[in-house]
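Here's the structure we're looking at; comments come further down.
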Amino acid sequence: MKIALTVDGVRREAEIDPGECVMDLLRRLGSTSVKNGCDRGDCGSCAVLLDGRAVNACLVFAAQVDGSEIRTVASLESPAGLHPLQFTALDAGAVQCGFCTPGMLMTALDLLANQPDPTEAEVRRALAGSYCRCTGYTKPVAAILTAATLLREARHG
Amino acid sequence: MSIANVSRFVRPPDLGAAVAAVRAGAIPVSGGTDVMLHPPAQAADMVDLTVLPLAGIESYRGGVRIGATTTLTAMLGDPRVAAIAGGVVATMLVEVGSPLLRNRATIGGHLARGRLSDVIPVLLALDATITWNDGSAHTQSLAGFYREGRHRTPLIITSITIPEPPARSGSAFRKFSRTAFELAILNCACRLDLDDRAAIAAARVVVGETPAVAASMNDVEVHLAGRPLTPEVIVTAAQMAAAAVPARSDERATAEYRRVLTEVLVRRCLTEIAERLA
């Protein structure tokens, strides 16, 4: 079956298998920042924004995203530079092997869109479905809290 | 995970077409998170319920009615859901899976699965009713729905309704798991309605993940009815629940462990309610 969707601002059309998941579709379309960690919704490495909310792309049928808008981590960087979530992740040493980072950043993007001033506990709860096996979670949590501060400051001039 | 054995993905024009497809053997798909993890053993069509107007939350006869394709995240963010029964539904939802799962999983899909649930014990404790369509529309208590095994028959859940409990009522939920993200080893939802003399007018004590989806502790509920909500009554009720719970062993815990947990969680739920109603 054929579907059309927008991936990182670019309209795409694709012939899909009815049992195909969004993660496999995106990787097939070249969005290899979407990582296949567990393939069963446990690790969050494949997280993307689907119509504005972060989801495990491995657990969403591609057949259900016809007409939808998907954002991957590749959409974060702008001509002005890295997104604060990317910058603070690097600055805080929250990236080691980097495999979980794309999904974690998209999960954090969803959190900050809905809770611009989260507590540390709220950040940790938001990352409940994002597994990191290198850094642990202290540095990613600190990076997200710093990014939240930067984004609030930018918003308030 | 891409899955095999999906013949077609059908986008039904209306509920009638979706029900007809399900009755012909198609699998209803809402968020799809559970279907992805448990693909069909044989080739089957999928019916996409998200194209139907089944999402949304509305006030209904003093309670709240939630459309079947409403996500758990949408429920969690809704002030009417947050307000009902002292906030016990929202308290529970925070402990269901991860935000990534809650953003996609729907209440209808969750209830259709009928297992591995923190949601169902709470809805049973609140006397929720469920509406579904198998060619015609039906509404019945959620307890009756599961008792009759309706969730294993070809139908489409369309909504769930949670009534607002009486004024002097308290509800509580407890989950025991390694982390909130993980499946409960045991969970418990209780509701107590008090009468004018501060005695218990009605009680609901539901223990879930026994590992069956949920068990109403009817003997405990009968024992509580008419009694004052004292520490002694609570301790006795918790002990009765531990003795009566139909606990079994599985890979997550032994039956003995679950019985001990039952006593602790029932006691904590009832104590929380007593403190709130004091």
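Protein chains get the first letters and strands the later ones, always in sequence-line order, with residue 1 at the start of each. If you're wondering where the values come from, they're calculated on a predicted model, not measured in any experiment.
Counting heavy atoms from C-beta on, the side chains of B/V29 and A/Q64 come closer than 4.5 Å. B/V35 places a side-chain heavy atom less than 4.5 Å from the side chain of A/F61.
A/I3 touches chain B through its side chain: at least one heavy atom from C-beta onward sits under 4.5 Å away, while N, CA, C and O do not. Heavy-atom distances place the side chain of A/L50, and not its backbone, under 4.5 Å from chain B. With a 4.5 angstrom heavy-atom cutoff, B/T33 touches chain A via backbone and side-chain atoms both. B/T71 does not touch chain A: none of its heavy atoms, backbone or side chain, sits under 4.5 Å away. For a residue to count as touching a neighbouring chain, one of its non-hydrogen atoms must lie under 4.5 Å from one of that chain's; by this rule A/D110 touches chain B with the side chain only.
The number of heavy-atom neighbours closer than 6.0 Å to CZ of B/R178, taken from other residues, nucleotides and ligands shown, is 12 or below. For OH of A/Y131, the number of neighbouring non-hydrogen atoms (other residues, nucleotides, ligands) closer than 6.0 Å is greater than 12. Within 6.0 Å of atom NZ in A/K139, 12 or fewer heavy atoms from other residues, nucleotides or ligands are found, so the atom counts as exposed in its surroundings. Heavy-atom neighbours of A/R28 CZ from other residues, nucleotides or ligands within 6.0 Å: above the threshold of 12. Counted within 6.0 Å of CZ on B/R268, heavy atoms from surrounding residues, nucleotides or ligands total 12 or fewer; the atom is thus considered open.
Across all non-hydrogen atoms, the minimal contact from B/L37 to A/R40 is CD2-CB, 3.4 Å.
Annotation: residues 15-27 of chain A contacts chain B through A/D17, A/P18, A/G19, A/E20, A/C21, A/D24 [non-hydrogen atoms, separation under 4.5 Å]. For residues 77-102 of chain B, heavy-atom neighbours of chain A at less than 4.5 Å comprise B/V94, B/S98, B/P99, B/L100, B/L101, sorted by residue number.
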Inset, instruction - Could you go through the side chain to side chain contact (heavy atoms under 4.5 Å, CB included) check for B/R104 and A/V60 one step at a time? - result: CA-CA 8 Å; B/R104 188 66 189 169; A/V60 179; 3.8 Å; yes
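Contact tally against chain B (heavy-atom pairs below 4.5 Å) for A/L127, A/L111, A/T107: the top residue is A/T107. The most heavy-atom pairs under 4.5 Å with chain A, out of B/R11, B/E182, B/R8, come from B/R11. No other option in B/V6, B/T50, B/D34, B/T73 has as many heavy-atom pairs under 4.5 Å with chain A as B/V6. Of the listed residues A/R53, A/R125, A/M106, A/M1, the one with more heavy-atom pairs under 4.5 angstrom with chain B than any other is A/R53.
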